[in-house]
Amino acid sequence: MEEYKSKLESEAMDFLCEAILSLKTKEECYRLFDDICTINEIKALEQRLQVAKMLKSKKTYLDIAAATGASTATISRVNRCLNYGSDGYKIILERLKDKK
């Protein structure tokens, strides 16, 4: 498998990734995200992941918008990432497929 090179890659981004990878519990995740993000930033990330999960489950845009409050533009962007992105959503959804 070819090594992935992100357009976001930097020393600072490496540090953020290492910080997230060092977390061991859900509580530690909550603590970091409470400190590092605003409520709106967290809600946006949470919403996008739910949109991706619902798209993967073949839900319609209307159903997804009603359930998540996401705009059709957000749903479309997430869908584009699922189909043509860097596979970040796919990796997470595959690993978490048996979770809520």
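Residue numbers run from 1 in the order of the sequence given. The structure presented is a predicted model; accordingly, all values stated were derived computationally and were not measured. Atoms considered below: every heavy atom in the structure, side chains included; atoms not considered: hydrogens, waters and symmetry mates.
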Is a donor on one side and an acceptor on the other found under 3.5 Å between the side chain of S86 and the backbone of G88?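 Judged by distance alone, no pair lies under 3.5 Å.
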Using atom types as modelled and distance alone, determine if a side-chain donor or acceptor of K56 lies under 3.5 Å from a backbone N or O of L93. no
What's the spacing between [X] [atom1] and [Y] [atom2] if we round to 0.5 Å?
{"X": "I36", "Y": "E41", "atom1": "CD1", "atom2": "CD", "result": "9.5 Å"}
{"X": "L55", "Y": "R48", "atom1": "CG", "atom2": "CZ", "result": "13.5 Å"}
{"X": "F33", "Y": "L45", "atom1": "CZ", "atom2": "CG", "result": "7.0 Å"}
{"X": "Y89", "Y": "N83", "atom1": "OH", "atom2": "CG", "result": "12.0 Å"}
{"X": "E46", "Y": "I39", "atom1": "CD", "atom2": "CD1", "result": "9.5 Å"}
{"X": "Q50", "Y": "T68", "atom1": "CD", "atom2": "OG1", "result": "8.5 Å"}

T60 vs D63, side-chain hydrogen bond (donor to acceptor under 3.5 Å, both in side chains): CA-CA, chis, key distance, verdict: CA-CA 5 Å; T60 67; D63 289 341; 3.2 Å; yes
Any heavy-atom pair between the side chains of [Y] and [X] that's under 4.5 Å?
{"X": "E18", "Y": "S22", "value": "no"}
{"X": "L16", "Y": "M13", "value": "yes"}
{"X": "S76", "Y": "Y61", "value": "yes"}

With a cut-off of 6.0 Å (strictly less than), are more than 12 heavy atoms of other residues, nucleotides or ligands near NZ of K59?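 Atom NZ in K59 is not crowded, with 12 or fewer foreign heavy atoms closer than 6.0 Å.
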A quick test of your reading: do over 12 heavy atoms of other residues, nucleotides or ligands sit less than 6.0 Å from CG of L21?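 Counting other residues, nucleotides and ligands, CG of L21 exceeds 12 neighbours.
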Hphob cluster co-occupancy, I64 + I92, side-chain heavy atoms under 4.5 angstrom: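 Yes, I64 connects to I92 through the hydrophobic network.
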Is I42 reachable from Y30 through a run of I, L, V, M, F, W or Y residues, each pair having side-chain heavy atoms under 4.5 Å apart? no
Could you go step by step and tell me if K97 and E94 meet the salt bridge (charged side-chain N to carboxylate O under 4.0 Å, His left out) rule? CA-CA 5 Å; K97 69 180 172 188; E94 181 62 28; 2.8 Å; yes
Any ion pair linking E9 and K5 (charged N to carboxylate O, less than 4.0 Å)? yes
What pair of heavy atoms forms the shortest contact from T74 to Q47, and how long is it?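 Scanning both residues completely, I find the closest heavy atoms to be CG2-OE1, 4.1 Å.
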Kindly give the heavy-atom pair with the smallest separation between I75 and A65, and that separation in Å. CD1-N, 3.7 Å
